[in-house]
Amino acid sequence: MYTEDPKTNSSQETEEEQYALDDARRVKVLSPSMMVFKRFVRNKLAIVGFIILVIMFTFSFIGPLFSPYSIAQLFTHDSYEWKTYATGRYNTDPNYMIAEGEEFPAGARSQFLLAVSGKTGGKTLEIGDTVPFEYNKTNYTVTVLDIRGGKPVYSIGSARFVASALLGKINKIDPEFDTPEIREALTARAADKKAKETTLKAGDYTFNISTVAKETVFELAGEESVLVAYDTFLPLEKEYEPLTKSFAFVKKVYEAAGNNESSFEYDGKTFEVQETESETELLVGGTPVMLVSDIAFGTYQVGTELSSDFLIQTSDAIRTNTVNFSFVNSQGEDTNARINLVNGNYYVETAQKTQLLMVTEPPSKEHLLGTDLYGMDLITRLMYGGRVSLMVGFVVIFFETFLGVILGGISGYFGGWTDTLLMRLVDLVNAIPFYPTIIIIGSILDHLKVGATARLFLLMVVIGILGWTGIARVVRGQILSLREQDFMVATEATGIRTSRRIFRHLVPNVMPLLIVNATMGLGGVILLEATLGFLGLGVKYPMASWGSIINQATDMHVMTTAWWIWIPAGALILTTVLGFNFVGDGLRDAFDPKMKR
Amino acid sequence: MAEEKKKDAAVTSPAEETNNQEKAAAGSIQVNSLEALQERIRYVDGLPKAQHDDQNVIEVSHLLKYFPIKAGLFSRLVGYVRAVDDISFNIKRGTTMGLVGESGCGKTTVGKTILRLNDKTAGQILFNGIDIHALPHEELRKLRPKIQMIFQDPYSSLSPRFPVNEIIGEAVKEHHIVPASEFSDYIDEVMLSCGLQPYHKDRYPHEFSGGQRQRICIARSIALKPDFIVCDEPVSALDVSIQAQIINLLMDLQNELGLTYLFISHDLSVVEHISDTIGVMYLGNLVEHGEKKKIFSNPLHPYTEALFSSIPIPDPDVKMNRVILEGSIPSPANPPSGCKFHTRCSKCMACCSEVTPELKEIESGHFVACHLYD
């Protein structure tokens with residue numbers, strides 16, 4: 001009798017040689033799982049599917065390790081573009097410069113404009129002319145300080161009420177001026193009906209006299225507190241910038257210009273004045289420090305600092321109607337510029353360096369499958385997307401199978417009320433419309449601004465919860481039939497423990513069915529995930545999935561011109577699902593004991 | 001259903017209720033109504049049980065197994081299938097009792113209820129004096145190896161995913177029948193004694209023929225060193241030559257190990273070969289019970305006569321005097337009143353349809369339940 005330990009290989013081999021040809025011991029023993037494996041291996045299509053899956057897994061899980069790029073890396077290239085750098089414009093509205101602490105309300109401005117335009121009656125004003133106007137019971141006097149480029153510079157001073165006299169008698173007087181000497185002089189002037197002078201000297205003051213409805217009004221000429229000009233003061237040197245806002249300085253500049261002085265002093269410095277037809281340059285020690293010009297400049301981009309050279313060159317270019325010119329910018333770089341005139345605005349454009357996204361770049365050495373709509377490397381996205389797609393498939397199927405086995409197993413093993421209850425639950429879950437639910441949940445997640453990873457996991461849970469019913473039914477049916485099999489009764493009769501009966505006898509017999517179901521289901525889940533991704537309900541940036549990559553092809557431009565965006569992703573989905581289906585078919589055939597191949 | 005209810009109501013009207021109870025008390029139930037059946041369950045359960053006798057391995061007294069029939073939305077109980085309807089018998093140590101009867105007469109239910117694979121409805125089953133149906137589950141599990149079963153279908157009774165040594169050895173390990181060091185030798189020994197070669201150990205059930213599979217089933221049972229084995233038609237799925245091998249194997253093992261069998265079969269020649277005593281069942285009742293020789297030489301019950309007349313005689317010259325039974329076995333859910341066999345009995349009398357006959361000892365060790373012998 002054969003009593004040798006079959007584990008020792010050498011002795012077994014020698015024993016086998018001694019067996020007769022018809023000895024039953026020659027028959028090789030195969031365990032059921034080994035037979036399944038053998039039958040699977042013999043199935044060519046299943047092997048093709050298996051190889052496809054191995055390739056897909058390698059591509060998705062090992063591929064990214066070799067990719068030089070990261071999942072959401074954006075690719076850009078440098079480019080020079082004409083971009084608006086600054087704008088210039090001839091001043092057509094007057095600039096009001098108001099001395100500190102003084103006021104010049106909007107009503108006064110309009111009165112002033114009326115006075116200088118209307119009341120002069122077509123007569124052009126000359127330097128030194130004065131025009132009075134009244135606003136809010138205050139008398140103002142406008143003096144022309146200078147004429148620059150045909151446009152006058154006005155200085156406005158307000159008058160201070162001193163006294164008024166009616167019928168040769170003073171009826172109102174400012175107490176400050178109420179001295180006998182002044183009173184006497186004023187009374188004399190008021191009584192003298194023939195007097196034509198508009199000024200009167202009394203004491204240390206010179207009073208302006210005006211007659212309003214038989215009332216003689218004496219006023220003291222006030223300080224000039226407002227300057228009106230069509231110019232802007234452009235500092236060429238930074239340290240002189242505060243001066244441009246100083247009323248006293250500006251007034252000094254205009255007085256000097258009006259008097260054709262070649263220099264003036266301010267704050268201990270001597271400023272030389274070089275006047276051209278429309279602009280004035282101020283120099284200190286031969287260096288130009290300020291430009292008084294009727295062209296106003298504005299920056300167009302945040303952080304642009306206009307250099308003095310820019311101001312000078314651009315002013316020249318605008319005045320000479322030159323289109324192309326160059327200037328040295330505040331960083332000391334030579335910059336080419338061109339001027340674009342739109343609606344009286346001069347747009348100064350410079351060629352600026354810009355980073356452009358490499359969008360829908362066709363396949364190249366750097367990007368084997370080109371770049372996508374957002375400038376990300378497609379093959380890298382496909383690798384990471386494969387991870388998501390495959391992981392979603394596996395996690396969802398695992399989750400579905402877990403739920404299905406637990407609930408279907410309980411249903412089948414215990415039967416009765418539990419079974420009825422669980423099967424009605426299955427019916428209920430089956431009645432939930434899948435896509436509307438997913439779409440609603442998707443928009444809720446959008447609203448709650450759930451992160452990409454959390455969203456992915458929630459999505460998997462939802463798909464799993466909606467999808468376990470099929471597996472539960474299959475498991476229930478299988479367990480119901482197994483439970484009644486004699487070999488299960490035999491385990492009871494031989495007194496095997498319940499846990500062992502379930503896990504050693506029932507579960508292994510349900511396993512083949514589960515494996516086949518899960519494998520076939522995997523393809524379905526991957527397709528589902530791709531569909532959701534395509535509808536924009538799947539994973540979100542920066543994550544990628546094959547479905548969400550194809551989603552870019554909803555753009556007609558991408559669809560027709562950038563084949564490398566959607567064809568590889570589509571091909572990956574197709575082959576993977578095909579692979580799972582082949583393997584699933586192969587496993588089903590292999591597990592089927594009636595298949596004797 | 002409503003009609004039935006009305007009928008029930010009519011039957012159990014107060015005037016008749018006492019009458020019904022009297023009838024039930026007399027053991028002559030006439031009515032298959034739910035209430036009457038429940039009354040019968042209570043009545044049978046209350047009958048005095050047999051006392052334990054040490055020479056008996058199995059003592060079945062007043063065993064009743066009714067399967068509930070449920071219907072309607074809320075699975076309301078509407079009736080019972082009377083699979084086993086008050087039967088009593090004992091099996092002496094080291095003997096074989098053959099249980100014969102048509103398909104569906106409740107033989108297998110008796111076997112399974114003895115093993116407590118079904119719960120009893122009423123009655124008592126003693127195994128070596130232990131009330132099997134009163135044991136807590138854990139103790140029952142420990143007792144299981146002592147009472148084994150061999151199934152009818154050797155194909156479905158072996159788990160397809162285990163090799164032979166695991167099928168045989170699983171419960172041996174579970175119950176620590178032998179020390180772990182002797183396990184392998186023990187399995188070899190058991191397999192050899194059942195006509196299997198030890199090199200079959202690593203093979204799977206699908207690689208065996210039906211006869212070999214049945215040997216595996218037998219090996220699985222005897223590996224647990226049982227006292228008592230229920231053989232539930234162990235040879236009916238096998239061809240005749242293999243049947244003989246299996247029967248002889250069972251008999252050899254009985255001689256060797258002193259086993260006690262309950263041999264359930266509808267094949268009378270096989271039962272004649274193996275049994276010491278025979279019980280004949282019809283529709284849940286034991287109609288005849290006694291020593292093999294007495295029954296075979298002198299079948300008393302008309303049903304037994306009809307059964308025995310169907311045994312083929314391997315002699316072409318003998319004119320067979322067959323008793324052909326008319327019709328088929330009635331439904332155990334609604335069996336005929338009185339003697340359940342009266343609808344098919346050739347010797348039916350007026351009283352047969354009204355009074356249930358009781359099992360009476362006609363000659364020593366030969367019991368029959370028939371009005372012919374009143």
Side-chain angles (χ1 to χ4, degrees), chain A residues 1-7 12 15-16 19 23-36 415-417 419-421 424 481-501 503-513 591-596, chain B residues 70 74-75 111-112 115-118 137-164 166-168 170-175 184-185 188 192 197-207 217 220-221 223-224 226 229-230 232:
Chain A
M1 191 40 51
Y2 176 73
T3 47
E4 281 276 341
D5 185 4
K7 276 167 198 160
Q12 202 178 10
E15 291 259 353
E16 266 177 26
Y19 293 154
D23 196 304
R25 275 167 286 185
R26 282 179 163 274
V27 179
K28 266 210 169 163
V29 182
L30 284 179
S31 70
S33 42
M34 196 60 202
M35 277 171 64
V36 165
W417 268 108
D419 184 30
T420 317
L421 203 71
R424 296 299 79 74
S481 80
L482 281 174
R483 204 176 57 160
E484 302 303 320
Q485 296 257 327
D486 275 349
F487 73 84
M488 285 308 292
V489 181
T491 57
E492 163 118 47
T494 48
I496 307 288
R497 257 178 271 118
T498 313
S499 57
R500 201 178 154 83
R501 292 175 65 204
F503 293 108
R504 289 281 290 151
H505 292 265
L506 271 184
V507 172
N509 280 298
V510 183
M511 235 27 210
L513 204 70
F591 278 122
D592 187 353
K594 283 166 204 143
M595 295 280 295
K596 288 287 177 195
Chain B
K70 287 175 178 175
F74 301 104
S75 300
K112 285 194 168 174
L115 265 80
R116 203 174 158 186
L117 295 175
N118 290 336
H137 271 276
E138 194 48 33
E139 277 179 48
L140 174 72
R141 198 174 71 76
K142 286 182 179 144
L143 186 71
R144 287 275 192 217
K146 293 284 154 208
I147 321 166
Q148 280 304 305
M149 183 156 183
I150 297 167
F151 293 89
Q152 175 175 8
D153 182 3
Y155 293 88
S156 73
S157 57
L158 298 174
S159 178
R161 314 198 68 78
F162 287 102
V164 169
E166 270 198 57
I167 290 174
I168 299 173
E170 189 184 19
V172 176
K173 271 186 197 156
E174 180 92 19
H175 295 288
S184 183
D185 292 339
D188 288 356
L192 278 173
Q197 296 304 317
Y199 66 78
H200 288 143
K201 258 178 158 178
D202 298 322
R203 298 200 173 175
Y204 288 85
H206 65 87
E207 295 174 74
C217 288
R220 172 171 66 190
S221 298
L224 298 176
I229 299 180
V230 174
D232 184 6

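- Interface residue B:P160: backbone and side-chain heavy atoms are both found under 4.5 Å from chain A.
- Between A:R483 and A:M488 the shortest heavy-atom distance is O-CB, 3.8 Å.
- If you tally non-hydrogen atom pairs under 4.5 Å between each of A:L482, A:T494, A:V489 and chain B, the highest count goes to A:T494.
- For B:L158, the part sitting under 4.5 Å from any heavy atom of chain A is the backbone (N, CA, C, O) and nothing else.
- In terms of heavy-atom pairs under 4.5 angstrom with chain B, the leader among A:N509, A:I496, A:T491 is A:I496.
- Only the backbone of B:I147 comes within contact range of chain A, with at least one heavy atom under 4.5 Å from a heavy atom of that chain.
- For A:R500, the part sitting under 4.5 Å from any heavy atom of chain B is the side chain, from C-beta outward, and nothing else.
- Between the CG atom in B:L192 and the NE2 atom in B:H200 there is a gap of 10.5 Å [rounded to 0.5 Å].
- Among residues two or more places apart in sequence or in another chain, the salt bridge (charged side-chain N to carboxylate O under 4.0 Å, His left out) test is passed with B:E138 by B:R141.
- Heavy atoms only, all atoms of each residue included: A:G495 and B:H175 are closest at O-NE2, 3.2 Å.
- Proximity of a side-chain donor or acceptor of B:E207 to a complementary backbone N or O of B:Y204 within less than 3.5 Å is detected.
- Considering only heavy-atom pairs separated by less than 4.5 Å from chain A, the leading option among B:S221, B:S156, B:A171 is B:S156.
- A:H505 is linked by a ring pair (Phe, Tyr, Trp, His ring centres under 6.0 Å) to B:F162, counting only residues two or more places apart in sequence or in another chain.
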